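All remarks here apply to the structure that follows.
In this text, all values refer to a predicted model and were calculated from it rather than measured experimentally. Chain identifiers are assigned alphabetically (A, B, ...) following the order of the sequence lines, protein sequences preceding nucleic acid strands; residue numbering begins at 1 within each chain.
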There are 2 protein chains.
Amino acid sequence: MGLAKTEIFSNKQNQIASYSKVFGHPARVAILEYLFDKNACICGDLVDEIGLAQPTISQHLRELKQLGLIKGNVEGTSVCYCIDKEKWTEMKQVMLAFLDQDIVADSKCC
Amino acid sequence: MGLAKTEIFSNKQNQIASYSKVFGHPARVAILEYLFDKNACICGDLVDEIGLAQPTISQHLRELKQLGLIKGNVEGTSVCYCIDKEKWTEMKQVMLAFLDQDIVADSKCC
DNA sequence: TAACAACATTGCAATAATACGATTAATCAT
DNA sequence: ATGATTAATCGTATTATTGCAATGTTGTTA
């Protein structure tokens, strides 16, 4: 039905899924990498840098902003986006706990 | 259009997006956590464990299998799934490189 | 104030994802 | 062989996502 049954899963599981979902599009990965690379707030160059239309970029930025991973400062007529470091660290904790699950050696099969 | 323009992004960016996408649903997160927790191949208990119908679970398992993150061994009438450790480690490298991007202290704003 | 610049929003078309009933395929038990 | 069990696949309804043209909003500049 296109609608995930989030209510039957734990908060942690839904949180991991939410973070992952936002990373699940290469444009958003590219935006974040660009923001990291510049290590400073950048503004409208994202549209030129990534080959997507302005409304599309704006939409991706909004999703990143909704999760709190980026912040936007209005600077005159342009808006300056950058990584929210606290939130990024917080997200990283959650994701690492998931990715770093112990792989015990003696599994029964496979 | 519902169709991501993957061709304008790098292989690495698309790879990160692919891994993230598969983690972008709580059911698949739950399946993986259960597989890790049991540290042994389990079969149809996933249907009982997670509250989704059998075809739905089977569909999620297929997506995980397509990415290579899990393996399935046929054991009689049931199928035994477990984490593919090599592939998991490989995936972890890629994801960590993305998550661990340097957050330099002296950013210009925000 | 009027024109402009930079983004955000809206609306829409096209495709993808989610979920499950029904069915099929394979194996086991008798 | 027959029936039961397990899981994969098919078909389909429903919702979500992606992308962009058109338009709106806000602040700047002449």
Side-chain angles (χ1 to χ4, degrees), chain A residues 1-9 13-14 17-31 34-35 41-67 70-82 109-110, chain B residues 1-9 13-14 17-31 34-35 41-67 70-82 109-110:
Chain A
M1 311 183 170
L3 174 57
K5 288 188 160 182
T6 55
E7 69 277 6
I8 67 174
F9 301 103
Q13 287 164 341
N14 281 313
S18 295
Y19 285 136
S20 299
K21 202 177 209 172
V22 90
F23 298 146
H25 194 290
R28 291 188 289 262
V29 172
I31 288 173
Y34 190 71
L35 288 176
C41 297
I42 44 109
C43 317
D45 357 74
L46 280 168
V47 177
D48 304 322
E49 185 67 19
I50 303 174
L52 293 173
Q54 180 265 323
T56 308
I57 297 290
S58 192
Q59 197 173 332
H60 285 307
L61 285 170
R62 182 165 58 172
E63 292 178 60
L64 290 168
K65 203 161 46 175
Q66 273 173 350
L67 265 190
I70 65 173
K71 289 185 288 190
N73 279 8
V74 177
E75 292 199 351
T77 122
S78 55
V79 180
C80 221
Y81 284 103
C82 63
C109 59
C110 298
Chain B
M1 311 184 169
L3 173 59
K5 289 189 159 181
T6 55
E7 69 277 7
I8 67 174
F9 301 104
Q13 287 164 340
N14 283 312
S18 295
Y19 285 136
S20 299
K21 203 177 210 171
V22 91
F23 298 144
H25 193 290
R28 291 189 289 264
V29 172
I31 288 173
Y34 191 71
L35 287 175
C41 298
I42 44 111
C43 319
D45 349 82
L46 280 168
V47 177
D48 304 322
E49 186 67 19
I50 304 172
L52 292 173
Q54 180 265 322
T56 309
I57 296 290
S58 193
Q59 198 173 328
H60 285 307
L61 285 170
R62 182 167 57 173
E63 291 179 60
L64 290 168
K65 203 160 49 174
Q66 272 173 351
L67 265 190
I70 66 173
K71 291 185 287 190
N73 277 8
V74 178
E75 291 199 350
T77 119
S78 54
V79 179
C80 216
Y81 284 102
C82 66
C109 58
C110 297

Quick one: which of dA8(C), dA16(C), dA19(C) gets closest to the side chain of Val79(A)? dA8(C)
Please give, in whole Å, the distance from dA14(C) C1' to Gln59(A) CD? 14 Å
Taken to the nearest whole Å, NE2/His25(A) to P/dA17(C) is 11 Å
Rounded to the nearest Å, what distance is computed from the CD atom of residue Gln66(B) to the C1' atom of nucleotide dA8(D)? 13 Å
What is the distance, to the nearest angstrom, from the CD atom on Glu75(A) to the C1' atom on dA5(C)? 15 Å
From NZ of Lys65(A) over to P of dC7(C), roughly how many Å is that when rounded to an integer? 11 Å
Applying a 4.0 Å non-hydrogen cut-off, can you work out what Ile57(A) is touching in the nucleic acid: base, sugar-phosphate, or nothing? nothing
Rounded off to whole Å, could you give me the CD1-to-P distance for the Ile31(B) and dA19(C) pair? 10 Å
Any side-chain N or O of His60(A) less than 4.0 Å from the OP1 or OP2 oxygen of dG19(D)? yes
What do the steps show when you test Leu64(A) against Leu35(A) for side-chain contact (heavy atoms from CB on, under 4.5 Å), and what is the final call? CA-CA 12 Å; Leu64(A) 290 168; Leu35(A) 288 176; 5.8 Å; no
Closest-nucleotide 5' rank along DNA chain D - winner of Ala4(B) and Leu3(A): Leu3(A)
Taking CZ from Phe23(A) and C1' from dT17(D), how many angstroms apart are they, rounded to a whole number? 18 Å
Show your reasoning for whether side-chain contact (heavy atoms from CB on, under 4.5 Å) applies to Ile50(B) and Tyr34(B). CA-CA 9 Å; Ile50(B) 304 172; Tyr34(B) 191 71; 5.7 Å; no
Interatomic distance, Asn73(A) CG vs dA6(C) C1' [rounded to whole Å]: 15 Å
On the 0 to 90° scale, with breaks at 30° and 60°, tag the His25(A)-Phe9(B) ring pair as parallel, tilted or perpendicular. perpendicular
So if I take every side-chain heavy atom of Thr56(B) and compare against dA7(D), dC20(C), dA22(D), which nucleotide ends up nearest? dC20(C)
Heavy atoms only, 4.0 Å cut-off, all strands: where does Ser58(B) land among base, sugar-phosphate and nothing? base
Against the side chain of Tyr81(A), the closest entry in dC20(D), dA8(C), dT17(D) is dA8(C)
Does dC7(C) have its OP1 or OP2 closer than 4.0 Å to a side-chain nitrogen or oxygen of Arg62(A)? no
Quick one: on DNA chain D, does Asp45(B) or Thr6(B) contact a more 5' nucleotide (nearest heavy atom)? Asp45(B)
Evaluate the criterion side-chain contact (heavy atoms from CB on, under 4.5 Å) for residue pair Ile70(A) and Ile31(A); output intermediate values, then yes/no. CA-CA 10 Å; Ile70(A) 65 173; Ile31(A) 288 173; 5.5 Å; no
Measure across Lys65(A) and Gly72(A) and return the closest heavy-atom pair with its distance rounded to 0.1 Å. CD-N, 4.4 Å
Find which nucleotide of DNA chain C each of Lys21(A) and Leu61(A) is nearest to by heavy atoms, and output the residue with the more 5' nucleotide. Leu61(A)
Between Lys5(A) and Gly76(B), just flag the one whose closest nucleotide in DNA chain C comes earlier from the 5' side. Lys5(A)
Among dC7(C), dG19(D), dC20(C), which is the nearest nucleotide to the side chain of Gln54(A)? dC7(C)
Please report the shortest heavy-atom distance between Leu67(B) and Ser18(B), naming the atom on each side. CD1-O, 3.6 Å
Closest listed nucleotide, where the reference is the side chain of Ala53(B) and the choices are dA21(D), dT6(D), dC20(C): dC20(C)
Nearest listed nucleotide, side chain of Thr77(A), among dA5(C), dA8(D), dG19(D): dA5(C)
